[in-house]
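Structure first, commentary second.
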Number of protein chains: 2
Amino acid sequence: MVEAPGCCAPLVSEPLRDGEAAELAPLFKALGDPVRLRLLSLIASHAGGEACVCDLTGAFDLTAPTISHHLKVLRQAGLIDSERRGTWVYYWINPPALERLSAVLAPRAVPV
Amino acid sequence: MVEAPGCCAPLVSEPLRDGEAAELAPLFKALGDPVRLRLLSLIASHAGGEACVCDLTGAFDLTAPTISHHLKVLRQAGLIDSERRGTWVYYWINPPALERLSAVLAPRAVPV
DNA sequence: CTGCTACTTAGACACCTGTCGAATCAAGGA
DNA sequence: TCCTTGATTCGACAGGTGTCTAAGTAGCAG
């Protein structure tokens with residue numbers, strides 16, 4: 001019945017320890033903005049698993065610096081990663097980070 | 001292959017629509033604070049499925065009004081609900097809200 | 001009614017955040 | 001070399017957030 005080592009048990013099964021809460025909160029915080037949520041989704045669902053910034057800016061009524069700011073927040077949270085290749089900068093998601101959040105919110109422990 | 005009606009497809013499978021992002025972001029935002037994360041977890045994992053405020057305040061080095069404030073944020077986001085019974089106020093989680101967030105972050109569509 | 005306990009609301013204040021325009025950096029052609 | 005395009009950084013500013021103290025509300029017991 002009990003299985004989790006404490007690091008990945010869902011939030012509902014046992015009280016989150018202080019350190020884990022401090023670790024997870026910034027990730028949720030990064031997701032707490034509709035622009036960032038859509039950015040993450042656009043990147044994640046983009047063909048090839050990665051997207052150029054130029055693929056993203058068009059989807060919003062925001063200036064390039066603002067998009068850049070949101071991408072930085074997502075990257076510093078560890079939800080996405082990026083690399084420059086020639087003229088363009090490409091972004092892709094970090095699946096383990098998303099999976100961890102999903103698991104924490106799951107109603108019961110998910111078998112790994 | 002495709003199954004989701006658009007309302008619950010995971011973030012990675014197709015771009016989040018504008019409205020859905022606007023709907024989800026406040027929930028993630030509410031989770032974006034370590035105190036609230038621990039509060040939610042304490043409530044969710046408490047025996048009986050609900051917790052009195054008096055069960056919660058002791059776990060933090062914060063004043064009662066601050067705890068009250070965080071509980072209000074969680075409640076307004078729809079993550080928890082509350083009721084006064086006599087002298088005490090009880091809180092419990094709203095499982096569908098958590099499940100929805102978990103599903104959105106899941107690597108692939110979860111069979112309902 | 002008076003007082004006591006549990007909790008919430010109100011007001012204040014330092015700090016953080018989302019957005020923009022302007023400037024800057026990086027890479028690739030003329 | 002200089003110019004153009006793609007993207008980030010900087011500086012500023014309105015508005016939001018977490019925390020506190022003080023004050024208020026709700027129920028219970030004399």
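Both backbone and side-chain heavy atoms feed into the values below; hydrogens, waters and symmetry mates do not. Naming: A, B, ... by sequence-line order, numbering from 1 per chain.
As rounded to whole Å, 8 Å separates atom P of C/dC7 from atom CZ of B/R84. The nearest whole Å value for the distance from the CH2 atom in A/W88 to the C1' atom in C/dA26 is 13 Å. Atom pair A/F60:CZ and C/dC20:P shows a separation of 12 Å (rounding to whole Å applied). Between the CD atom of B/E83 and the P atom of C/dC7 there is a distance of 14 Å, rounded to whole Å. B/D33 places its CG atom 6 Å from the P atom of D/dT19, with the value rounded to the nearest Å. Between the C1' atom of D/dT8 and the CD atom of A/Q76 lies a distance of 12 Å, rounded to the nearest Å. Separating the CD1 atom of A/I43 from the P atom of D/dA7 is a distance of 12 Å, rounded to the nearest angstrom. The distance from atom CD1 of A/I80 to atom P of D/dA7 is 13 Å, rounded to the nearest whole Å.
Between D/dT9 and A/K72, a contact under 4.0 Å exists linking OP1 or OP2 to a side-chain N or O. Side-chain N/O atoms of A/S68 include none lying less than 4.0 angstrom from OP1 or OP2 on D/dA7. A sub-4.0 Å separation between OP1 or OP2 of D/dG18 and a side-chain N or O of B/R36 is present. Distances shorter than 4.0 Å separate none of the side-chain N or O atoms of A/T87 from OP1 or OP2 on D/dG6. OP1 and OP2 of C/dA6 both lie 4.0 Å or more from every side-chain N or O belonging to B/Y91. Proximity of B/T63 to the phosphate of D/dC20: a side-chain N or O atom is located under 4.0 Å from OP1 or OP2. B/H70 has a side-chain polar atom (N or O) that falls below the 4.0 Å cut-off from OP1 or OP2 of D/dT19.
Of all nucleotides listed (D/dT8, D/dT19, C/dT19), D/dT19 comes nearest to the side chain of B/H69. Listed candidates were D/dG18, D/dG16, C/dA27. Nearest to the side chain of B/K29 is D/dG16. Distance from the side chain of A/P65 is smallest for C/dG21 among the nucleotides C/dG21, D/dA7, D/dA22. Side chain of B/L62, nearest nucleotide from D/dT19, C/dA6, D/dG6: D/dT19. Of the candidate nucleotides D/dT8, C/dT8, D/dC20, D/dC20 has the atom nearest to the side chain of B/T66.
No more than 12 heavy atoms of other residues, nucleotides or ligands lie within 6.0 Å of CH2 in A/W88, so this atom counts as exposed by the packing criterion.
In this structure, A/V12 is a member of the same hydrophobic cluster as B/V35, with clusters built from ILVMFWY side-chain heavy atoms closer than 4.5 Å.
Summary of the strand contacts: B/D55 and A/A64 both lie near DNA chain C, and taking for each the nucleotide with the nearest heavy atom, the more 5' one is attributed to B/D55.
Under a cutoff of 6.0 Å and an axis angle of 45°, B/R85 and B/Y90 form a cation-pi pair.
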